Amino acid sequence: GMIRCWPAVLYALTLLAAPAAAVDPWRNTSLPIPQRVADLIGRLSLGEKAGQLLSNSAAIARLGIPAFDWGNECLHGVVATGALNATVFPQPLVLASSFNSTLLHLIGTAISDEARALFNMGNDGYLQFFAPNMNIFRDPHWGRGSETYGEDPFLTARMAVSFVTGLQGDDAKHLKVGATCKHYAAYSLEEYEGISRFLFDAVVSDRDMADTYLPAFRACVQEARAASIMCSYNSINGVPACGNRHMLAEVLRGGMGFDGFVVSDCGAIGDMVTENHYASSPAEATAIGIKAGTDVDCGGTYPDGIPAAVAQGLLAVADVDIALERALTTRFRLGVFDPPGDSPYAHIPPSVVGSAAHLELARESARQGIVLLKNDGILPMSDASAKYVVIGPQSNDPLVLLGNYHGNPTHTPVTPADGLRALLDDRVVVSVGLPAVIGEGTWMFSDAVNAAADAGYAIIFIGSSSKSTNLSQPNLVEPATEKESLDRSNLDMPGVQLDLVKAVAKRTTTPIIVVLINGGPIDIQWLVESPRVHAILTAGYPGQEGGTAIAEVLLGRVNPSGRLPVTWYFSNYTEENPASNMNMTTYPGRTHRYVQVPVLFPFGYGLSYTTFVLRSFSVSPMSGPSSSPRNATFEVTNIGNMDGTETLLVFLEYVSGSLTPEDVPPRHALVGFARVVVPRGGRAAATITLPPSTWQAVTAAGQTITPSACWNLHCGSAVVQGLCITP
């Protein structure tokens, strides 16, 4: 009788195989992302949900969900670790010196190409990144200032928007990689007089918050549509940033319309218990964080904290689901739950990593970021000298060029000594004279002094170092003068580097050129004033191709065009203004917008090897409503004897109008910039668009308004007076 059963069994089996296997809605790429997200959330247990809100989310085997890393770094290049590498571009402060937002977009695009290529090769952790650093370089002591785009909110916004849109790509449905604008908000101090960034309470006025600390974040959210925001370690007016419902729910989501996910700086949720004692238990800290709007915990508090907080009645599952919805939406947009070939970025090949085009982009950005601070005519150097002596701890140190937050470069970085050798062959003699930027070592000066005595030029490379923040070699301990967790105590040249220069200056007659490899500004008054120092350049931390760019500028193959994105103060400035004071206007004032004392070099300073003349500068229309689009037009001539690029910076000055005295804006507000290439003996025109927001002011109460007012616009020494604008 059993034989007769076979046809029925076979028929049943064919029935099972007949329809296409039903796809779970969360896996169905034809459904809208919100529907897919909701379906997936509905399948997860509370413990599984908690595990997905951690910066290293665990795999869920029963659903086939892979592990996910929410936060690699790509501040100025993908942080590639282990056996991998990626192009290391110049540090962001150097990129800001270019005043070239187009360049930032190209770099963001190159970085995301390399990230996708590494992901496509089967490497995890190359889709979601904790960059850029949007904080304002408020105080020159700050150890992380070189990670930023400088001290100006307008410049920072323009640079960051270009970088983020380059990272995230322009596909309507798919994110190329996810960017995280950090650290929200008012973060610019590592440690001051025993108070660390984990304990520091940034006391910020409504006006400073709206006018200085938030504009770049607003641009990141509203213009660049950044996938993520990172909340900072510090407290803001008494409430930790990652537990600050006012700043996250009301200002960021309500006021700016942010719809992505918020991630904590790493460990900040746990810090509420262990550091600033804002919460009494991990469960309470978890509830405070999630209810305030911190969706993802970079740290280890949420996995146990979420189930505990729910069990204790501190947190509703619905609140957890909201956080999960925001976080998972980004993972869906990145395509991690889609078939591998579906992403428009699935075919970016490994060959883009360290490609010739990317290395040239790294060189070009280093060239544009070099700022000429002093030149008595000695630069560009002649290439006919018999001997060029290269001196100083920064002259042949590959690692210092990479700044911080970098991974493995695609090749050993080109040092300044390498760059000069490539152009001048064996006429370059390297005699370092001092092994490190910090510490002693005067007994070594004699070798350098003797080498310099009969040279045509003594090129001395000194400055600062962020070397020990090397994410690809976590156990590396190298001397640093400024970095994450280390602010400077003063603005002086570190160690005995200045004595090295003085030794060459006093014991030889060889012309001295100083090149600074540095992050934050240094008080170099002696170098500026000494007739023995004929020229000074600052190259910042110029990345893996930096040495080539420096050599090209020194020899006149490239005409420097960079401008300082920060004010360089005299060293006594910091004695008058504690680093812990967040107020922008307190005497002597912070940044170019508010400073009230003489400075060593102003914001926007930078020389050229040629001479530009601004022939015309006009604005049209000169009056009428703020909503009318306005253009500033310029004509620049080059009357020197070298092709060059002039960088035009436009500043707004309030003259008169409906504002009360306490609401008058800073007297020096950057509202536009442009780079103009002008051939030798030639002329070129430029136009800068002035959007309606140009004419806005932030009141003492932190409200942004458009007053009825008359303004002056400044560009260099030229001024357009009497622009009278109505709301």
Side-chain angles (χ1 to χ4, degrees), residues 93 96-97 99 135-142 144-146 148-157 186 188-189 192 202-205 207-216 371 373 482 487-492 518-525 528-529 538 562-606 647 649-655 661-673 697-698 700 711-717 719:
L93 195 64
S97 303
F99 282 81
N135 294 118
I136 297 299
F137 197 169
R138 163 191 66 92
D139 184 284
H141 289 107
W142 189 28
R144 299 185 73 176
S146 71
T148 75
Y149 301 119
E151 71 185 21
D152 187 85
F154 178 84
L155 175 64
T156 299
S188 49
L189 178 141
Y192 182 73
V203 178
V204 182
S205 71
R207 184 193 200 150
D208 284 343
M209 188 62 85
D211 198 34
T212 294
Y213 297 116
L214 292 187
V371 183
L373 297 176
E482 55 182 4
D487 290 336
R488 292 184 293 164
S489 57
N490 60 62
L491 302 184
D492 299 335
N518 66 304
I522 302 173
D523 182 351
I524 53 168
Q525 186 176 2
V528 172
E529 293 176 356
T538 173
R563 299 293 191 91
L564 296 179
V566 285
T567 303
W568 285 37
Y569 304 94
F570 293 104
S571 57
N572 65 349
Y573 170 84
T574 55
E575 294 155 22
E576 302 180 28
N577 205 354
S580 55
N581 180 9
M582 300 297 292
N583 193 298
M584 299 302 292
T585 54
T586 307
Y587 183 88
R590 293 201 179 280
T591 78
H592 73 97
R593 297 174 5 122
Y594 295 107
V595 70
Q596 301 163 46
V597 293
V599 299
L600 185 62
F601 294 111
F603 174 90
Y605 182 86
T647 302
L649 308 184
V650 180
F651 297 96
L652 185 66
E653 175 197 15
Y654 176 80
V655 180
E662 59 269 25
D663 292 342
V664 168
R667 64 175 188 281
H668 197 250
L670 182 71
V671 294
F673 53 86
V698 176
W711 309 81
N712 292 341
L713 275 182
H714 297 264
C715 184
S717 58
V719 60

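These numbers come from a predicted model, not from an experiment.
Taking CG of L713 as the reference point, atom CG of L652 lies at 5.5 Å (rounded to 0.5 Å). Of the inter-residue distances, the one linking N577 atom CG with N572 atom CG reads 11.5 Å to the nearest 0.5 angstrom. Note that the CG atom of D139 and the CD atom of E151 stand 11.0 Å from one another [nearest 0.5 Å]. Annotation: the span from E653 atom CD to R667 atom CZ amounts to 9.5 Å, rounded to 0.5 Å. In this structure, L373 CG and W568 CH2 are separated by 5.5 Å, a value rounded to the nearest 0.5 Å. To the nearest 0.5 angstrom, Y213 atom OH is 5.5 Å from D208 atom CG.
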Practice prompt. May I have the step-by-step check of side chain to side chain contact (heavy atoms under 4.5 Å, CB included) for T591 and F137, ending in yes or no?
Written response: CA-CA 8 Å; T591 78; F137 197 169; over 6 Å; no
Discussion item. Using side chain to side chain contact (heavy atoms under 4.5 Å, CB included), reason through R593 and T212 one step at a time and then give a plain yes or no.
Written reply: CA-CA 10 Å; R593 297 174 5 122; T212 294; 3.4 Å; yes
Item to complete: Could you give me the CA-CA distance, side-chain angles and deciding distance for F673 and L155, then say whether side chain to side chain contact (heavy atoms under 4.5 Å, CB included) is met?
Response: CA-CA 9 Å; F673 53 86; L155 175 64; 3.8 Å; yes
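A donor-acceptor contact shorter than 3.5 Å links the side chain of R563 to the backbone of T647. Using a distance-only test at 3.5 Å, with no hydrogens or angles considered, no donor-acceptor pair links the side chain of N135 to the main chain of S188. Side-chain atoms of R138 do not come within 3.5 Å of backbone N or O of L189 as any donor-acceptor pair.
Of all heavy-atom pairs spanning V371 and G606, the tightest one is CG1-CA, 3.8 Å. The nearest pair of heavy atoms linking A186 to M582 is O-CE, 3.4 Å. Residues S571 and D523 share a closest heavy-atom pair of N-OD2, 2.7 Å. For the pair Y149 and L93, the tightest heavy-atom approach, listed with the atom from each and the gap, is C-CD1, 4.2 Å. A210 and P215 make their closest contact through O-CG, 3.3 Å (heavy atoms, listed as atom of the first residue, atom of the second, distance). Closest non-hydrogen pair, L600 versus I524, comes out as CD2-N, 3.5 Å.
Scanning for ring pair (Phe, Tyr, Trp, His ring centres under 6.0 Å) contacts around H714 gives an empty result, with sequence neighbours left out. Under the side chain to side chain donor-acceptor pair (under 3.5 Å) criterion, Y594 pairs with D211, sequence neighbours left out. Residues meeting the ring pair (Phe, Tyr, Trp, His ring centres under 6.0 Å) test with Y654, sequence neighbours left out: W711. Applying the ring pair (Phe, Tyr, Trp, His ring centres under 6.0 Å) criterion to Y573, with sequence neighbours excluded, gives Y569. With sequence neighbours left out, E662 forms a side chain to side chain donor-acceptor pair (under 3.5 Å) with no residue at all. H141 meets the ring pair (Phe, Tyr, Trp, His ring centres under 6.0 Å) test with no other residue; sequence neighbours excluded.
Exactly one residue among V566, L670, L649, T567 makes a side-chain contact (heavy atoms from CB on, under 4.5 Å) with D152. That residue is L670.
Aromatic ring pairs are classed by plane angle as parallel below 30°, tilted from 30° to 60° and perpendicular above 60°; the pair H592 and F603 is parallel.
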